[in-house]
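One structure is given below, encoded as structure tokens.
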Amino acid sequence: MHHAVRKCLMVVAAAATVTTLIAGPASADPGITYPGSAPYATAPIAGMGSDTTQTVENGLAAKASTTLGAPKFESWDAVNPTTGAKHDSIKSNYRRANGSTEGQAAISRAFDGGAWPKGCGATGTTTLAGKIQYARSSSGPKVPGTAGNSQLTFIPFARDAVSYAFNGTTGTLGSMSLSQIQGVYLGTITKINGITMRPYLPQAGSGTRSFFLTKVMGLTTEPAFWATLPTTEENDANVISVVGRMMPFSAANWIAQKNGKQVNHTGTAKIGSPNGVAPTFGTAPTLTPHIVYFANTTFGRDVYNVVTTASVTPGNAKFNSNLYKLFVNSGSGSPALRKWDTTTTSLGFSTSTAGVNGSTTLKGNLVANPTSLATC
């Protein structure tokens, strides 16, 4: 959903026809009209990538469009919000990035001018140079930066945490230990409390899948067992409809879905409490993050806007002042996005980590186009 900055989140003031930014489920690619939304207009900054952060970025984009002095930007959804199509064409020109890995590849191609496929159904390739200025990513660098070779900068803007969605009773599957979760996803544990386990994975290229592999599983490469597992779109638990099914799930995304801030894909699933620690507090529609869980070094994670290092380096020939104001320093020592922390927290994320204040210390190298881009 390309949440062109101009998209106002809808709605009504009882008896008045006043449009304001709201917290209802919202999404829009260019040309899609929603009640109360402003007409689409091209913004100077555009990005795509992670499913996990798309709704909060859409809300931030809407704020930027109506706030004086804030650079406008566009945020395109990981999947077409109207048709559900994956890898379709954006602006009839380039393929939609579905997930953090593809987002990191997209900003890499914007840097080096390398070939990027056109939307599914179209032939040939194009370039992203000048078309994409940032990427959404719910995981860190695919290729860590090295001295003199750190073309990408990962700027954290919020804190999330990964738990697991499951089908079953809270008493049997709701408080799995870390070792149990790891065993299920290694194929060494097939039953828990007499329940046959049926693990699912987010789609290839998902930042949640990458984070789950490296931080929760503690691995650097996917085990052979994962090739046998069914996949589903990141943060979509509709397939978790049979007892014993489970999948990694963003706690922030779960909160936003359950609170009605975005389309609810939780189905009949529940959210787990790894090691007995709940990732959320309260009940819908007033769920909030459990800060202790979000701060956990195994399950907690920062989420990022990824830019080219040159674009946020003052004095560099490719420095982008609008991008810098938006993500790094608006002139008051913090990024423009920090003006709307309430939007970020209302969509399930935490801003309690110091890294969200425009840090540019985390670097990464360019990444190759993933094989997932070949799938239509």
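Annotation: salt bridge (charged side-chain N to carboxylate O under 4.0 Å, His left out) contacts of Lys86 (sequence neighbours excluded): Glu233. Partners of Asp51 under the salt bridge (charged side-chain N to carboxylate O under 4.0 Å, His left out) rule, at least two apart in sequence or in another chain, do not exist in this structure. By the side chain to side chain contact (heavy atoms under 4.5 Å, CB included) test, Thr125 is found to be paired with Ala115, residues two or more places apart in sequence or in another chain being considered. Shown here are the salt bridge (charged side-chain N to carboxylate O under 4.0 Å, His left out) partners of Arg159, two or more places apart in sequence or in another chain: Asp302.
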Problem set entry | Full working for ring-ring contact (aromatic ring centres under 6.0 Å, His included) between Tyr293 and Phe299 | CA-CA 7 Å; Tyr293 186 86; Phe299 298 104; 5.6 Å; yes
For this session: Under the side chain to side chain contact (heavy atoms under 4.5 Å, CB included) rule, what do Thr232 and Met247 come out as? Steps first, then yes or no, please.
Result: CA-CA 9 Å; Thr232 184; Met247 67 176 289; 3.6 Å; yes
Problem set entry | CA sep, side-chain torsions, deciding dist, call: Thr52, Phe349, side chain to side chain contact (heavy atoms under 4.5 Å, CB included) | CA-CA 10 Å; Thr52 297; Phe349 292 87; 4.2 Å; yes
Problem set entry | side chain to side chain contact (heavy atoms under 4.5 Å, CB included) evaluation trace for Leu173 with Ile195 | CA-CA 8 Å; Leu173 301 179; Ile195 305 296; 4.0 Å; yes
For this session: Apply side chain to side chain contact (heavy atoms under 4.5 Å, CB included) to Met176 and Ile192, showing your working.
Result: CA-CA 9 Å; Met176 293 169 61; Ile192 294 180; 3.3 Å; yes
For this session: Using the side-chain hydrogen bond (donor to acceptor under 3.5 Å, both in side chains) rule, take Asp236 and Asn238 through it: C-alpha gap first, then chi angles, then the decisive distance, then the call.
Result: CA-CA 6 Å; Asp236 186 343; Asn238 283 319; 3.0 Å; yes
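No side-chain donor-acceptor contact under 3.5 Å links Thr351 to the backbone of Asp341. In this structure, Asn329 contributes its side chain and Lys325 its backbone to no donor-acceptor pair below 3.5 Å. Side-chain atoms of His265 do not come within 3.5 Å of backbone N or O of Ala237 as any donor-acceptor pair. The backbone N or O of Asn253 lies less than 3.5 Å from a partner atom in the side chain of Ser250, making a donor-acceptor pair. Arg301 contributes no side-chain N or O that, together with a main-chain N or O of Phe211, makes up a donor-acceptor pair within less than 3.5 Å. Side chain of Gln133 to main chain of Ile107: no donor-acceptor pair is present (N/O by atom type, distance under 3.5 Å, no hydrogens or angles). Between the side chain of Ser311 and the backbone N or O of Val307, no donor-acceptor pair lies under 3.5 Å.
No hydrogens or angles considered: a donor-acceptor pair under 3.5 Å links the side chains of Glu102 and Ser372. Between the side chains of Thr169 and Thr172, at least one donor N or O lies within less than 3.5 Å of an accepting N or O. Counted by atom type alone, Ser100 and Arg209 present zero donor-acceptor pairs between their side chains at under 3.5 Å. Of the N and O atoms on the side chains of Arg109 and Asn369, at least one donor lies less than 3.5 Å from an acceptor on the other residue. Judged by distance alone, the side chains of Ser175 and Asn275 never bring a donor and an acceptor atom under 3.5 Å apart. The closest side-chain donor-acceptor pair between Lys339 and Ser330, if any, does not fall under 3.5 angstrom. In this model, no donor atom of one side chain and acceptor atom of the other lie less than 3.5 Å apart for Asn93 and Lys118. Using modelled atom types, one finds a donor on one side chain and an acceptor on the other under 3.5 Å when comparing Ser137 with Gln104. With no hydrogens or angles considered, a side-chain donor-acceptor pair links Thr153 and Lys363 at under 3.5 Å.
Contact record, Pro248 with Thr208: CB-CG2, 4.0 Å, taken as the closest heavy-atom pair. In terms of heavy-atom proximity, Glu234 sits nearest to Ser138 at OE2-OG, 3.9 Å. For the residue pair Met246 and Met197, the shortest heavy atom distance occurs at SD-CE, 3.6 Å. Nearest heavy atoms, Thr375 versus His87: O-ND1, 2.6 Å. Residues Gly267 and Asn264 come closest through the heavy atom pair N-OD1, 4.4 Å. Of all heavy-atom pairs spanning Ile189 and Ser179, the tightest one is CD1-O, 4.0 Å.
A distance of 6.0 Å or more separates the ring centres of Trp116 and Tyr94. Ring to ring, Tyr185 and Phe212 are close: their centroids are under 6.0 angstrom apart.
Proximity of Leu213 to Glu222: side-chain heavy atoms (C-beta onward) are separated by under 4.5 Å at one or more points. Taking the side chain as every heavy atom from C-beta outward, Thr280 and Pro289 never approach each other to under 4.5 Å. Counting heavy atoms from C-beta on, the side chains of Asn58 and Ser75 come closer than 4.5 Å.
Considering CG of Leu287 and NZ of Lys261, their distance stands at 11.0 Å, rounded to 0.5 Å. In this structure, OG1 in Thr268 is found 8.5 Å from CD1 in Ile240, a value given to the nearest 0.5 Å.
Atom NZ of Lys142 is surrounded by 12 or fewer heavy atoms from other residues, nucleotides or ligands within 6.0 Å.
Here ring-ring contact (aromatic ring centres under 6.0 Å, His included) pairs that include residues 304-330, with residues two or more places apart or in two chains, are Tyr134-Phe327, Phe154-Tyr304, Phe319-Tyr324.
Criterion: ILVMFWY side-chain heavy atoms under 4.5 Å apart, direct or through other members. Under it, Ile291 and Phe157 are not part of a common hydrophobic cluster.
Summarising the hydrophobic clusters (Ile, Leu, Val, Met, Phe, Trp, Tyr; side-chain heavy atoms under 4.5 Å, direct or chained), the residues clustered with Val143 are Val367.
Relative to the six-membered ring of Phe111, Lys318 meets both conditions, a distance below 6.0 Å and an angle of at most 45° to the axis.
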